[in-house]
Amino acid sequence: MQKNYDHNGSEDAIYAKWEKTDVMTADVSSNKKPYTIPLPPPNVTGQLHLGHAAMLAVEDILIRYKKMTGHETLWLPGTDHAAIATENVVLKHLGLKTREEMDREDFLSECRKFAGEKHDRITHQIKKMGAHLDWSREAYTFDSERNFAVNWVFKKLYEDGLIVRGHRMINWSVGAQSVLADDEVEWDDNIADFYEFWCGPFLIGTVRTETKCADSPVVVHPTAEYVRAINATGKECIVTKKYYDAHTELRKDFNIQEVVPGEALVGQEFTAETYAGPRKFWVIADEIIDPAFGTGAMTISASHSPDDFELAQRRDLPLIQKIDFAGTMTDIAGPCAGMPVQEARKRAGELLEEKGLLFEKRPHPNRVPKCYRSGTIVEPMLSPQWFISVEKEFIDEFTGKKTTLKKQMQEAVRENHIKIIPQRFEKVYFQWIDNLRDWCISRQIWWGHRIPVWYDKNENIHLPVEKNILFARHGESEANAKKILGGDYPLTDNGLQDARKIAENIRKKGIKKIICSNLKRGHQTAEIVAAELNVPVEVWPELAEFTSSELAGKANLHREGPFEIQFDKTEDEDLIDISRRAQNVIERLKKEDDVLVIGHKNFTAALFHFSRSEDEEKFVRFRSEWKWEKGEIRALTVLADPVGEGLQQDKDTLDTWFSSALWPFSTLGWPDKTPDFEKFYPTDVLETGHDIIFFWVARMIMFGRYATGKYPFHTVYLHGLVCDENGQKMSKSKGNGIDPLEIIEEVGADAVRLSLVIGATPGNPIPLGKAKVSGYRNFVNKMWNAGRFVQMQLEDVDSEFDVEKILKNPTSLSEKWLLHRFSEVSTSVSQKLEKYEISSAGDEIYHFVWDEFCSWFLETQKIDRNPKFLYSVFLEILKLAHPLVPFITENLWSELNPKNSFLIEQNFPDLKFKDTESKRIFTLMQEIVTEIRKVRAEKKLNPKDKISVKISAGKNADSLDKTVEVMKVLANLSDVEITEKASKPERSAMVLINGMEIFVEVPFDATAEKKRLEAEIASLEKSISGLKGRLTNKSYIDKAPEHLVNQTKQQLTDAETKLDTLQKELTSL
RNA sequence: GGGCGAUUAGCUCAGCUGGCUAGAGCGUCUCGCUUACACCGAGGAUGUCACAGGUUCGAGUCCUGUAUCGCCCACCA
């Protein structure tokens, strides 16, 4: 073993070792209690940042801890297709301005290629952190399994009336040419020009001059006071009284004719000049107006402002489109038609001035909505979109009760189905839900799940059709009976019986046709069933069993379980061939209605698998778990595209978060009742950054409850955002970002994990700097060296001994003390981890290992050797620390433990050992040693010089006597004399511990000693007066708990005796 | 504008339901290359717990207000 630990050399090798076995694969058939965490899928576009690293660290600790405490854990990895983000990056990559410059399919294949490359980098980075993920179940939000779940849930929502299409005010990203969800909009502070201009007699205030060009109402407040004023030329002016009073310029020219409430103005109609020519206006009153703002009157742009739109809907006002989706003005804008919005705004302002309509122009702070991805302006626009209604009632299929999605989301937390850590985020959650509006789920981009809706010529809506294709297995063939593989053999007598049984089972299902392969056993079975049911038989050769020339004719007599197909043998079909054949068959079957397929075992398995997934690798496991008894009818549910003349699928795709929202269950095979889903759903913990609690967490809760009837997890753990050591957010622009891979390279993944976990409280920023990281690297190195020490001690020890037995029989005082402490610490760590107090648990392990095990126990072992015990207890420490620092512990485990096993397969320490007396004595010894060291440092003694000590130990004399040898070494003493009552040697310093007097022989310095004593006396007196004050307070004696009062009394007497001794000491100087 | 949170040692932060003589890491100072480790060991110093009130026998911890700083939500013609 090297002196310094080389993380770079070992971490990758260890992860590779884990990957080579199936140690990270969850066993669905296990009897253990499941514990599941769905990994929040990182965007496939990006790369790992420290936020991901923090997430991985926390989840890995939970998973490893749970696995070591007897759970069947599943930590399911995957990636997210990040629709808008990916499209933007790919567009940039290809040098395109808009996706329309390219064919849709070609563009998608570019996206796929790009996502594939990034995916590999992301998974590499994840593995670098040591994440104990089940890669065999890896998923992707945009693969065909997830697509099936997406379509399924969409259909269900649609049928429950929860998905609606409507013209709504949406956030239109001109740059991305797509709608954005409310929370995808970013706001920039800005100083805009605020115009006050004449609209007939009204002064109107606006920033958006370009929209003030069409017939619309002037809105006033119904109860606010308005003045009607007239100037010398007879020009009329209507503004709020407040505004009039505030404007000297108005008062100079205009004289009040009357003061009326806004309501009185309603109904006035007039034609007024606008920048685009004369237009018709009329007056309405509405409380939407803030009479204190601007002139107290506005015109509305119902098509381009959410508030105005809401008003227009309410008051049935016309909707006039003034801006198109390219972000330019429509014809209605007259002189500004065709101009981009920004330009038109400026030009309209100029026109107002030219026409003498402008009253005042002044700077006005406002905020501009921007696209979070493309950075371009977001225009509120009216557009037909798909929405999920969160407030519409529907009947919950699981309870039969009426509810709404919003209510289900609220109940999740209110009724404690889901706990959010830290708790204060529950308030944030509720605040968001309470104000939740319908969720716009359609996006005008290509990279995403296509909306599963088709339109016919009359704009009628068609959804995919659910079909249940029935399957029965052919009857027993001669090959089956003889357990021979391959070949084409007819049915046996049993097989004929089987066929009749199928006919009986299927009789009432309304089958219209039977489809089978051209193999004898299939065809024969089909004919028998067909004859019974009186339906035709159709032969599809592509339904045949896998070709298996390699195995054909070979006996399967002595094989256990399903035989292994050699998919890579060229003369056979390989996995890709099978996948292709299966998918073609499925597409063909989707066009059939009410059919029974007489199938072959393996190929039918392929049909079931590939109807959901395109993953060939996963089929190998699927097939090995596939069971299908003779006579058993199986139904395969598929969604078939609707049929009809001229049907066109919606061109839009779904918001990325739609598929992400299904993550906890779509990854487990839902909507099928797969073994994974049955075993691992609902999952346990959802751990993520608090920045996506709304985007993602809330929506998972919504869909989970709605689609599966169960909330998808019971705990939400929100880690903080990683920031630098000054509490600044890490960002590229600030240049304070740390690349996880670089830092791992520098200090190792274990140290990075510790840095991200210790000192981090959920929901609060996680500060991370070089100093912190290198501190934890030192800790890892410390563990390494402790391991080296253990190994060195082991050299002259015979290798065979019973670790468990040794741990049950500690011999020396220090061993008993350590075991006692270890038992305390491991219990406490368990408790903390159960409560998600990960930081505190980590801290406790850190200090136990360093301060107690290394600094004290290892030192005692140098004097009082017991290598077998040392070794045994060290292995336990490795187990304890493993969830936190998996690499170093695994490394040491394999160095020290000859048995070929992984640490993760061991049980988490559950050692119960109690010996309070040993603990007391050892602690006493520690205090004595520390005090002696203190005296030594104070007196500036050379650490090498041995000194002599006498201890007046009273009742502890006998027990302490056992520690003499250890004490001598640790405090570097020439000799120690422990008696019940020792007399003070001439030249010595005295310290008091628990009433015991420790005399340390030192070169005597009266003035220094006096100073020291005086200082100590002063501080003692202070604390005595405090204690006395408390005890003379009657209410304290009466009201404080008894043990506290007693404790205070004890402290007082202790302090007083100590004071007494010190004063005697002082006078004797 | 609404909400949430923070304010504790030079720095970054712990401190759960009130009992603290207020802790940790880093930094700093003194001494030491003692054969696991200098990525180390031993020891020291440093705090009106933002401010002002209140509740209480007792407040860093609970309540009210003020100030400063973060974050989130809503978006105002």
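None of the values given here were measured: they were computed from a predicted structure. First the proteins, then the strands, lettered A, B, ... as listed; each starts at 1.
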Inset, instruction - Tell me what Lys835(A) touches on the nucleic acid: a base, only sugar-phosphate, or nothing, going by heavy atoms under 4.0 Å. - result: nothing
Legend entry - Side chains of Tyr275(A) and Leu357(A) in contact at under 4.5 Å (non-hydrogen atoms): no
Inset, instruction - Indicate whether any N or O donor in one side chain lies under 3.5 Å from an N or O acceptor in the other, for Lys832(A) and Ser840(A). - result: yes
Inset, instruction - Report the nucleotide, chosen from G19(B), C76(B), A77(B), that has the shortest atom-to-atom distance to any side-chain atom of Ser305(A). - result: C76(B)
Legend entry - Selected nucleotide, minimal atom distance to Thr930(A) side chain, candidates C37(B), G19(B), G43(B): G43(B)
Inset, instruction - Taking atom P in both C26(B) and C40(B), compute the distance separating them and give it to the nearest angstrom. - result: 8 Å
Inset, instruction - Name the nucleic acid region contacted by Asn1033(A), choosing base, sugar-phosphate or nothing; use a 4.0 angstrom heavy-atom cut-off, strictly under. - result: sugar-phosphate
Legend entry - Parallel, tilted or perpendicular: ring planes of Phe194(A) versus His364(A), cut at 30 and 60 degrees: tilted
Legend entry - OP1 or OP2 of A77(B) under 4.0 Å from side-chain N/O of His364(A): yes
Inset, instruction - Could you check whether Leu858(A) gets within reach of a base, just the sugar-phosphate, or nothing at all, counting any heavy atom under 4.0 Å? - result: base
Inset, instruction - Answer with base, sugar-phosphate or nothing: what part of the nucleic acid does Gly775(A) contact at a heavy-atom distance below 4.0 Å? - result: nothing
Inset, instruction - State whether Arg437(A) places a side-chain N or O below 4.0 Å from either non-bridging phosphate oxygen (OP1 or OP2) of C75(B). - result: yes
Legend entry - Atom pair distance, as rounded to whole Å: CD1 in Ile766(A) and P in C71(B): 16 Å
Inset, instruction - For the side chain of Val428(A), starting at C-beta, report the closest nucleotide among C72(B), A77(B), A36(B). - result: C72(B)
Legend entry - Pairwise C1' distance for U56(B) and U64(B), with rounding to whole Å: 16 Å
Inset, instruction - Assess the side chains of Tyr5(A) and Ser10(A): does a donor N or O sit below 3.5 Å from an acceptor N or O? - result: yes
Inset, instruction - Under 4.0 Å between any heavy atoms, over every strand shown, what does Glu859(A) touch: base, sugar-phosphate, or nothing? Just pick one. - result: base
Legend entry - Closest-nucleotide ordering on RNA chain B, the 5'-leading residue of Lys1034(A) and Ser774(A): Ser774(A)
Inset, instruction - Please state the P separation for the pair A45(B) and A24(B) - nearest whole angstrom. - result: 12 Å
Legend entry - Note: Lys322(A)-Glu379(A) ion pair, threshold 4.0 Å (strictly below): no
Legend entry - Residue-phosphate contact under 4.0 Å: Arg788(A) side-chain N/O, C40(B) OP1/OP2: no
Legend entry - Which nucleotides of RNA chain B pair, in dot-bracket form (Watson-Crick or G-U under 3.5 Å, | meaning another strand): (((((((..((((.....[...)))).(((((.......))))).....(((((..]....))))))))))))....
Inset, instruction - Provide the distance between the two P atoms, one in G44(B) and one in U35(B), to the nearest whole Å. - result: 24 Å
Legend entry - Members of residues 1041-1053 of chain A that approach RNA chain B, where some heavy atom sits under 4.0 Å away: Pro1041(A), Leu1044(A)
Inset, instruction - Would you indicate, yes or no, if C40(B) has its OP1 or OP2 atom less than 4.0 angstrom from a side-chain nitrogen or oxygen of Asn778(A)? - result: yes
Inset, instruction - Determine the contact category for Asn764(A): base if any of its heavy atoms lies under 4.0 Å from a base atom, sugar-phosphate if only primed atoms, P, OP1 or OP2 are that close, otherwise nothing. - result: sugar-phosphate
Legend entry - Candidates G5(B), A36(B), G25(B) - which lies nearest the side chain of His847(A): G25(B)
Inset, instruction - Take the protein atom CG of Asn435(A) and the nucleotide atom C1' of G1(B), then report the distance between them rounded to whole Å. - result: 14 Å
Inset, instruction - Return yes if a side-chain donor-acceptor contact under 3.5 Å exists between Asp1054(A) and Gln1050(A), otherwise no. - result: yes
Legend entry - Protein-nucleotide distance (Lys772(A), atom NZ; G27(B), atom P), rounded to Å: 14 Å
Inset, instruction - Please report the closest heavy-atom contact between Ala786(A) and Phe874(A), naming both atoms and the distance. - result: CB-CE1, 4.0 Å
Inset, instruction - With heavy atoms under 4.0 Å as the rule, sort Arg367(A) into base, sugar-phosphate or nothing. - result: base
Legend entry - C1' gap between G65(B) and U46(B), integer Å: 32 Å
Inset, instruction - Let me know the distance between CG of Asn366(A) and C1' of C76(B), rounded to the nearest Å. - result: 10 Å
Inset, instruction - Check every atom of C4(B), A24(B), A77(B) against the side chain of Lys427(A) and return the nucleotide holding the closest atom. - result: C4(B)
Legend entry - Side-chain ion pair, Glu196(A) and Arg362(A), N-O less than 4.0 Å: yes
Inset, instruction - Please determine if Arg424(A) and Glu426(A) form a salt bridge, counting it only when a charged side-chain N lies under 4.0 Å from a carboxylate O. - result: no
Inset, instruction - Could you state the atom-to-atom distance from CG of Asp691(A) to P of C71(B) in whole Å? - result: 13 Å
Legend entry - Between P of A77(B) and CG of Asp307(A), the distance in whole Å: 9 Å
Inset, instruction - Name the nucleic acid region contacted by Thr761(A), choosing base, sugar-phosphate or nothing; use a 4.0 angstrom heavy-atom cut-off, strictly under. - result: sugar-phosphate
Inset, instruction - For G41(B), take OP1 and OP2 only and decide whether either is under 4.0 Å from a side-chain N or O of Trp850(A). - result: yes
Inset, instruction - Determine, for Arg933(A) against Glu931(A), whether the closest basic-nitrogen to carboxylate-oxygen distance falls under 4.0 angstrom. - result: no
Inset, instruction - Flag the pair Asn972(A) / Arg936(A) as yes when at least one side-chain heavy-atom distance between them is below 4.5 Å, and no otherwise. - result: yes
Inset, instruction - Identify, between Gly759(A) and Ala937(A), the residue whose nearest nucleotide on RNA chain B lies closer to the 5' end. - result: Gly759(A)
Inset, instruction - With heavy atoms under 4.0 Å as the rule, sort Ile289(A) into base, sugar-phosphate or nothing. - result: base
Legend entry - Verdict with reasoning, Asp286(A) to Arg314(A), per salt bridge (Lys or Arg N to Asp or Glu O under 4.0 Å): CA-CA 10 Å; Asp286(A) 198 282; Arg314(A) 193 150 44 81; 3.0 Å; yes
Legend entry - Touch class at under 4.0 angstrom, heavy-atom based, for Arg424(A) against every strand present: sugar-phosphate
Legend entry - Nearest-neighbour nucleotide for the Ala771(A) side chain, C26(B), A24(B), G3(B) considered: C26(B)
Inset, instruction - Could you work out the separation of A50(B) and C16(B) based on their P atoms and round it to a whole Å? - result: 14 Å
Legend entry - Shortest side-chain distance from Lys934(A), nucleotide among G43(B), A77(B), C39(B): G43(B)
Inset, instruction - Could you tell me the separation between the CG atom of Leu892(A) and the C1' atom of A36(B), rounded to a whole number of Å? - result: 12 Å
Inset, instruction - Decide whether Arg788(A) and Asn785(A) meet the rule of one side-chain donor and one side-chain acceptor closer than 3.5 Å. - result: yes
Inset, instruction - Sticking with atom P, work out how far A59(B) lies from G18(B), rounded to a whole angstrom. - result: 13 Å
Inset, instruction - Answer with yes or no whether the side chains of Ser305(A) and Asp307(A) bring together a donor and an acceptor at under 3.5 Å. - result: no
Legend entry - Short side-chain N/O contact from Lys782(A) to OP1 or OP2 of A36(B), under 4.0 Å: no
Legend entry - Phosphate OP1/OP2 of A77(B): any Lys212(A) side-chain N/O under 4.0 Å: no
Inset, instruction - Using atom CH2 of Trp856(A) as one end and atom P of A36(B) as the other, report the distance to the nearest whole Å. - result: 17 Å
Legend entry - Distance, P atom - from U48(B) to G54(B), rounded to whole angstrom: 22 Å
Inset, instruction - Would you classify Arg1030(A) as touching base, sugar-phosphate or nothing, given that sugar-phosphate means primed atoms plus P, OP1 and OP2, and contacts are heavy atoms under 4.0 Å? - result: sugar-phosphate
